[in-house]
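Data block below; observations after.
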Amino acid sequence: MKKILITGGAGFIGSHVVRRFVTNYPEYQIFNLDALTYAGNLENIADIEHSPNYTFIKGDIVEADFIHDLFQNYQFDGVIHLAAESHVDRSITDPLAFVKTNVFGTMNLLNAAKTIWKDHFEGKRFYHVSTDEVYGSLGATGLFTETTPYDPNSPYSASKASSDHFVRAYGETYGLPYVITNCSNNYGPNHFPEKLIPLFINNIIHNKPLPVYGDGNYTRDWLFVIDHAIAIDLVFHQGKNHETYNIGGFNEWKNIDLVKLLCQKMDVKLNRVSGTSEKLITYVKDRPGHDLRYAIDASKINTELGWRPSVTFEEGLEKTIDWFLANEEWLENVTSGEYAKYYEKQYS
């Protein structure tokens, strides 16, 4: 029986990864480590919390002794490291919090793995989940590849770039078996409503303004979160050690075009007159260091592992909207802060 530690497993992407591993690999024991900060929500995985091959552990990766003891006690065979501070706007306000979690937290995991595995790395794997933002900003043409030089422009992307470098350094220096993936913008069910799509869905429901940065012409590549979880599964099991794989949705959208499409779909879902939600669009002052365009070349993971997105962006957006409208209680709990009481209710 393999013992797999998944960090950040109560978060948006992490919860989908935890669910996939718990459900698809009953022979594995899955340990979900999450600090349950503002974006960690155990309601995201309430459906599998009583599974016999699942254990939740409340704790913070920034606590080095705690992480070491965790590795010592459970003797993990693999790590899928998703825990991170990830909101660019928050990183501009409080960059040191991102250094603490994304850099020092990753270092604590690397040190624990190196120490407990004691250079006997056969059958072990450290999987580090990163972002396309480490590559900086693209112009009107071109794609990020696995060999694109790093050029981070925000405290968030700089902290993730640093953690990527440390993972590679532990591979080169100590022989630690690792894989890294750099993904594009995720969207889908359970997305915390501070990011664009869930924020705007919630605002449209409540007829609140839709704040669009600058002129709205910033371009992003969008990846449905369930497709991302499938890709993580593939890379964890079939990826080559000391390799990086870029995971993208083959879906480039300008922010303003995405918002208008979302408005159109929401008007239909809410039985509103066409154009009603577009009137909520409000252009606001741009944020500092705003990257113009991200776009990923995911041909490597497609060619080597046979992965590609299962849905188009329009299909994924439809599924996402339907989920949020069917789970308005979840959305209300998150926006009101009630979700934070779930841990005390279930685990105290």
Side-chain angles (χ1 to χ4, degrees), residues 2-11 13-14 17-18 21 28-37 40 55-86 91 94-131 134 150 152 155-183 232 235-237 239-245:
K2 285 190 175 182
K3 297 179 179 179
I4 310 299
L5 174 67
I6 300 177
T7 70
I13 301 172
V17 175
V18 166
F21 273 71
Y28 291 2
Q29 190 65 36
I30 305 300
F31 297 85
N32 174 10
L33 172 65
D34 201 293
L36 297 183
T37 54
T55 301
F56 173 72
I57 302 168
K58 187 175 186 293
D60 200 325
I61 60 173
V62 303
E63 299 174 9
D65 291 342
F66 167 76
I67 293 299
H68 177 275
D69 291 345
L70 208 60
F71 273 73
Q72 181 70 61
N73 293 336
Y74 290 105
Q75 296 293 314
F76 303 119
D77 299 293
V79 177
I80 302 176
H81 176 35
L82 292 124
E85 294 284 352
S86 64
S91 80
D94 186 9
L96 289 180
F98 284 68
V99 174
K100 185 177 180 182
T101 297
N102 298 350
V103 183
F104 285 98
T106 301
M107 286 293 295
N108 289 336
L109 291 164
L110 288 168
N111 280 329
K114 177 178 72 72
T115 301
I116 302 304
W117 292 345
K118 296 177 180 176
D119 301 326
H120 299 294
F121 295 137
E122 185 68 30
K124 303 295 194 292
R125 169 153 284 181
F126 191 102
Y127 184 159
H128 179 62
V129 179
S130 190
T131 172
V134 298
Y150 277 27
Y156 162 60
S157 57
S159 68
K160 289 298 290 185
S162 177
S163 64
D164 291 6
H165 290 323
F166 274 112
V167 173
R168 288 193 182 92
Y170 271 59
E172 292 300 318
T173 304
Y174 307 111
L176 189 79
Y178 75 84
V179 286
I180 297 174
T181 53
N182 297 82
C183 69
I232 288 173
V235 172
F236 182 79
H237 288 101
K240 298 176 183 177
N241 279 332
H242 295 193
E243 289 286 338
T244 295
Y245 297 88

**Q.** Between His237 and Tyr127, ring centroids under 6.0 Å
**A.** no
Separation between CG (Leu110) and CZ (Phe166), nearest 0.5 Å, reads 9.0 Å
Note to self: Is there a side-chain contact between Asp94 and Glu85 in this structure, where contact means two heavy atoms from C-beta onward sitting under 4.5 Å apart?
What the structure shows: no
For Asn32 and Phe56, the nearest pair of non-hydrogen atoms, with its separation, is O-CD1, 3.3 Å
Between the CH2 atom in Trp117 and the CD atom in Gln75, the distance rounded to the nearest 0.5 Å is 10.5 Å
Requested in this report: Kindly state whether the ring of Tyr178 and the ring of His242 have centres lying under 6.0 angstrom apart.
Outcome: yes
What one should report as the nearest heavy-atom pair of Ala112 and Ile67 is CB-CG2, 3.8 Å
Is the closest side-chain donor-acceptor distance between Thr115 and His68 under 3.5 Å?
no
Q. Is any side-chain heavy atom of Leu109 closer than 4.5 Å to a side-chain heavy atom of Leu5?
A. yes
Heavy-atom closest pair (Asn108 atom, Ala64 atom, distance to 0.1 Å) is OD1-CB, 3.4 Å
Contacts of Tyr174 meeting ring pair (Phe, Tyr, Trp, His ring centres under 6.0 Å) (sequence neighbours excluded), chain-then-number -> Tyr170
So CZ of Phe66 and CD1 of Ile61: to nearest 0.5 Å the spacing works out to 11.0 Å
Between Ala161 and Tyr150, the two heavy atoms sitting closest are CB-CD2, 3.6 Å
Is it the case that atom CG in Asn73 sees more than 12 heavy atoms from other parts of the structure closer than 6.0 Å?
yes
#### Entry: Heavy-atom side-chain contact between Tyr245 and Lys240 under 4.5 Å
yes
Taking the side chain as everything from C-beta on, heavy atoms only, tell me whether Phe98 gets closer than 4.5 Å to Ser91. yes
The reported gap from CD1 in Ile13 to SG in Cys183 (rounded to nearest 0.5 angstrom) is 5.0 Å
Discussion item. Do Asn182 and Asp164 make a side-chain contact, defined as non-hydrogen atoms from C-beta onward lying under 4.5 Å apart?
Written reply: yes
*Lys124 atom NZ: more than 12 heavy-atom contacts under 6.0 Å*: yes
Ala83 and Gly8 have their tightest heavy-atom pair at CB-N, 3.6 Å
Could you tell me whether Phe236 atom CZ has more than 12 heavy atoms of other residues or ligands within 6.0 Å of it?
-> yes
>> Just so I know, are the side chains of Ile116 and Phe76 near enough to count as touching, which here means a heavy-atom distance under 4.5 Å?
In response: no
| said: Given 3.5 Å as the limit, does a donor-acceptor pair link the side chain of Ser130 with the main chain of Thr181, or not? | reply: no
Closest non-hydrogen contact found for Ile232 with Ile80 is CG2-CG2, 4.1 Å
Q. Does any N or O in the side chain of Thr106 come within less than 3.5 Å of the main-chain N or O of Asn102, such that one atom is a donor and the other an acceptor?
A. yes
Original post:
Passes side chain to side chain contact (heavy atoms under 4.5 Å, CB included), Phe121 versus Leu176? Steps please.
Top reply: CA-CA 7 Å; Phe121 295 137; Leu176 189 79; 3.9 Å; yes
Are side-chain heavy atoms of Ile57 and Leu33 found at a separation under 4.5 Å? yes
- Is the shortest heavy-atom distance from the side chain of Val79 to the side chain of Phe126 under 4.5 Å? yes
Salt bridge (Lys or Arg N to Asp or Glu O under 4.0 Å) filter on Glu243, not counting sequence neighbours, yields Lys300
